[in-house]
Q: 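Handing you a structure now.
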Amino acid sequence: AQEQGTSPFPKHQETIKMDPSDQKFFTVIDYVIFAVLLAASMGIGLYYALSGGRQRTTQEFLMADRSMGCLPVSLSLIASFQSAVAIIGVPAEIYTHGTQYWFIGCAYILGLFIPAHIFIPVFYRLRVSSAYQYLELRFSKAVRICGTFTFIFQMVIYMGVCVYTPAFALNAVTGFELWGTVLATGLVCTLYTTLGGLKAVIWTDVFQTVVMFAGQLAVIVVGVQKTGGVADVWRKVWEGNRISGLDLNPDPTERHTFWTLGVGGVFLMLSLYGVNQAQVQRYLSSRTEKEAVRSCYMVFPSLQLALALSCVMGLVMYQEDMFIVCFPQMVIYFVMDMLHGLPGLPGLFIACLFSAALSTISSAFNSLATVTMEDLIKPQYPAMTEARATLLSKVLAMSYGLLCLAMAYLTHLMGDSVLQVALKIFGMVGGPILGLFCLGMFFPWANSIGALVGLCAGLVVAFWLGIGSILNRSTRPLPLECGTNATIAIQTAFNNTTLSQPSGLKRFYSLSYMWYSGFNCTTVILIGLIISFLTGPTKEEDVMPGTLYPLLGKLFCFLPEHLKKKLCCVTPLGQTVSERIDLIAKNLATFIYDVFAVE
Ligand SMILES: CC(C)(CO)[C@@H](O)C(=O)NCCC(=O)O
Ligand code: NA
C-alpha cells in the first residue's frame, strides 16, 4: 500500500486498487451493516406505503399531507444536498488545499436566515405545491414552464453525479463492482421513493443522516487514535501548511477566499435552501409556517457539524509523506487503510457514503416527480382524477429513478473533480433560477417578458462562462499548496512564468466557481429589469398580492416615505388570511376604479 505514495501526481483515472492480499477489509459484519442500511430504507418505504393514507393522494405522495414536524424536516433538509460528493470531496479538498474551504460555514448564516425570513413566508402563505407555481402567479405560465425545465435539467445532471460518485470511488479502491453498485443504489432508492412517497423520503433521510454522521465520526475517532492523538494530528497538518488563515484577497478569480466562500457561498446557499424545489417542498410539507422556519434554523448547527466532520476528516487523513494532490477516490483508500482490521467499521463508512447518496437522489426523484406533475401535467389535464394523478406521480418517480441510471453513465464518460462539478452545476443552472425568483419577489417592475429574456440570457452567460472555464483550464491550473520544498520551488517558478494576471476574456473565464451562483443570479436580475423597463414595467398594484417581498423598501428605509413609495415596493406581505383577503379586495377595488376612471 505504501508504494502508492511514491508518485506525487497520480493521474485522475488511475485506479489505486489495493493488493489482492489487502482485499479482506470487508468481513461478514461489514456486508451485514451495508445490507441493513438498504433493508431499513426499503422497510421505511414499505411502512409508508401501507400505513396512513397509503399514498392514495398526491397531497400525501408529494406533500406528505403537509403534516411534518420540524425535526425530521430539518434533518431531511441537510440530507438533500449533502451527498457522497461532499463526504469524499470535502476531505480531498482540505487535504490538497488546506482548511480555507471551511470558511464556507460563514455563508450558512445569511444563507439560511434569508430563506427563513423571505422565501419561506412567501411560498408558505401562497400555499403553492411547487416553487414554480409562484412564477405563474407572479409572471405567467410561460415563465413557470421555463423555470420548471431549467430545474429538471439541473437535478437530472446532479443526480447522475450523486449516484455515480460513491460507486466509482468504491470501485477504484476495493474493486466493488461499479455498475452493480450503481444499479443497487439506484433501484433501491427508486423503489422506496415510489412506494412511500415524501413521508418515506423524509424519514429515510433522518435515518440516513444519522448513519452519515456516525460513519464520519467513527473514521475521525479511529484516525486520531492511529495517528497518536489530537496533538500529533495537529502537528502534522500544521507542519504540512494545511491550516489556512482567513484569505481576504479581493481577486474574484482566486478560487477560495473569504469573499468567494463567505459571500459567493451565500448565493449558492440561497439557490439551494431558498428556491430549490427539493427544499421548498420540505418547507411546504411542514405542519405550520413557524415549524418550517424553525426547521430552516435547525439546519444551521447540523450543517456546521457536517462541514466540520468532513473538514476534520481531511485533516486526520493528512500524512505529509503521502500524496500531494488527493483525488476523491483516495479518500476511500485512506479510510479503508485506516479501518483495516476493525470489523464493522469499513461497513459503517460504506453505509455512511451510500446514506449520503441515497438521501440526495431520493429527494431528487420526489421533487422531479412533483414539478413534472404539478407544473407540466396537471395544468394540461385539470380534470384528472386524484387516483390517476397519484398513479402517474408514482410512475414519474420511478421513471426519474431509471433516468438517473442513464445519467450515471453520462457522468462516467465525463469524469472530473466531483465537488467542483457539483458546485458548478448548482452555480450554472441554480444561479439563474435564483435570479428569476429574486427578480419576481424583490422588483415589482419586472414583467413576464423581462423574466423570460433574463432567464435565457442568464443561462447563456452561465454556460459561456462554465464551458469557457473548462476549455481554458490549462492556462491556469489549480494552485497546489505542496508540502515539500521541491514542489514549492516548481510552483513558484510556474507562478512567475505562466500565471501572470490573465486579461480580458481569459480573466472572465477564470472567475472563481464559487461566484457562479451570485454572478448568474445578478445577470438574470439586471437583464430582466432592463427588458422590463423597455417593454413597459409592471405597476406594483398590478402584481398578484403576496408574491412580492418589500426588500428594496427595507434596504432603503432611510429614504423619505414618498420617495420610497415611488422607488421601491413597500407593500408589506400579508400576515394573516384576512389581511391577504384585504389586499386582494383592495387591488380589485383599484382595478375597478381604474377601469371606470378611464371612461
Ligand atoms: C451544499 C453545501 C455547499 C453546503 O455546505 C455542501 O453540502 C456541499 O458542498 N455539497 C456538495 C454537493 C454534494 O454533496 O452533492
Ligand atoms: Na444526501
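Each ligand, and each atom within it, is numbered from 1 in the order the structure gives. Scope of the values below: all heavy atoms of this structure, side chains included, with no hydrogens, waters or symmetry mates.
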Q: Tell me how many protein N, O or S atoms are closer than 3.0 Å to the Na ion (ligand 2).
A: 5
Q: Per the side chain to side chain donor-acceptor pair (under 3.5 Å) rule, which among Ser363, Ser74, Ser295 passes with Arg282?
A: Ser363
Q: Strictly under 6.0 Å, is that where the ring centroids of Tyr108 and Tyr273 end up?
A: no
Q: What's the shortest heavy-atom distance between Met338 and Gly223, and which atoms?
A: SD-CA, 3.3 Å
Q: Indicate yes or no: does Arg255 engage Glu93 in a salt bridge with an N to O separation below 4.0 Å.
A: yes
Q: Using modelled atom types and a 3.5 Å cut-off, is there a donor and acceptor pairing between side-chain atoms of Asp375 and backbone atoms of Thr148?
A: no
Q: Just jot down the ring pair (Phe, Tyr, Trp, His ring centres under 6.0 Å) partners of Tyr101, sequence neighbours excluded, or say none.
A: His256
Q: Please give the N or O to N or O pairs under 3.5 Å between ligand 1 and the protein, distances rounded to 0.1 Å.
A:
{"from": "ligand 1", "atom 1": "5 (O)", "to": "Tyr108", "atom 2": "OH", "distance (Å)": "2.3"}
{"from": "ligand 1", "atom 1": "7 (O)", "to": "Phe81", "atom 2": "O", "distance (Å)": "3.0"}
{"from": "ligand 1", "atom 1": "7 (O)", "to": "Gln82", "atom 2": "OE1", "distance (Å)": "2.6"}
{"from": "ligand 1", "atom 1": "9 (O)", "to": "Tyr101", "atom 2": "OH", "distance (Å)": "3.2"}
{"from": "ligand 1", "atom 1": "10 (N)", "to": "Phe81", "atom 2": "O", "distance (Å)": "3.3"}
{"from": "ligand 1", "atom 1": "14 (O)", "to": "Phe81", "atom 2": "O", "distance (Å)": "3.4"}
{"from": "ligand 1", "atom 1": "14 (O)", "to": "Ser83", "atom 2": "N", "distance (Å)": "2.9"}
{"from": "ligand 1", "atom 1": "14 (O)", "to": "Ser83", "atom 2": "OG", "distance (Å)": "3.2"}
{"from": "ligand 1", "atom 1": "14 (O)", "to": "Ala86", "atom 2": "N", "distance (Å)": "3.1"}
{"from": "ligand 1", "atom 1": "15 (O)", "to": "Ser83", "atom 2": "OG", "distance (Å)": "2.4"}
{"from": "ligand 1", "atom 1": "15 (O)", "to": "Tyr158", "atom 2": "OH", "distance (Å)": "2.6"}

Q: For residues 78-92, dump all side-chain donor-acceptor pairs below 3.5 Å to protein atoms at least two apart in sequence or in another chain.
A:
{"from": "Ser80", "atom 1": "OG", "to": "Ser76", "atom 2": "O", "distance (Å)": "3.1"}
{"from": "Ser80", "atom 1": "OG", "to": "Gln279", "atom 2": "OE1", "distance (Å)": "2.9"}
{"from": "Ser83", "atom 1": "OG", "to": "Val85", "atom 2": "N", "distance (Å)": "3.1"}

Q: Aromatic ring centroids of Tyr297 and His117 under 6.0 Å?
A: yes
Q: Where is the tightest heavy-atom contact between Ser130 and Val371, given as atom of each residue plus distance?
A: OG-CG1, 4.4 Å
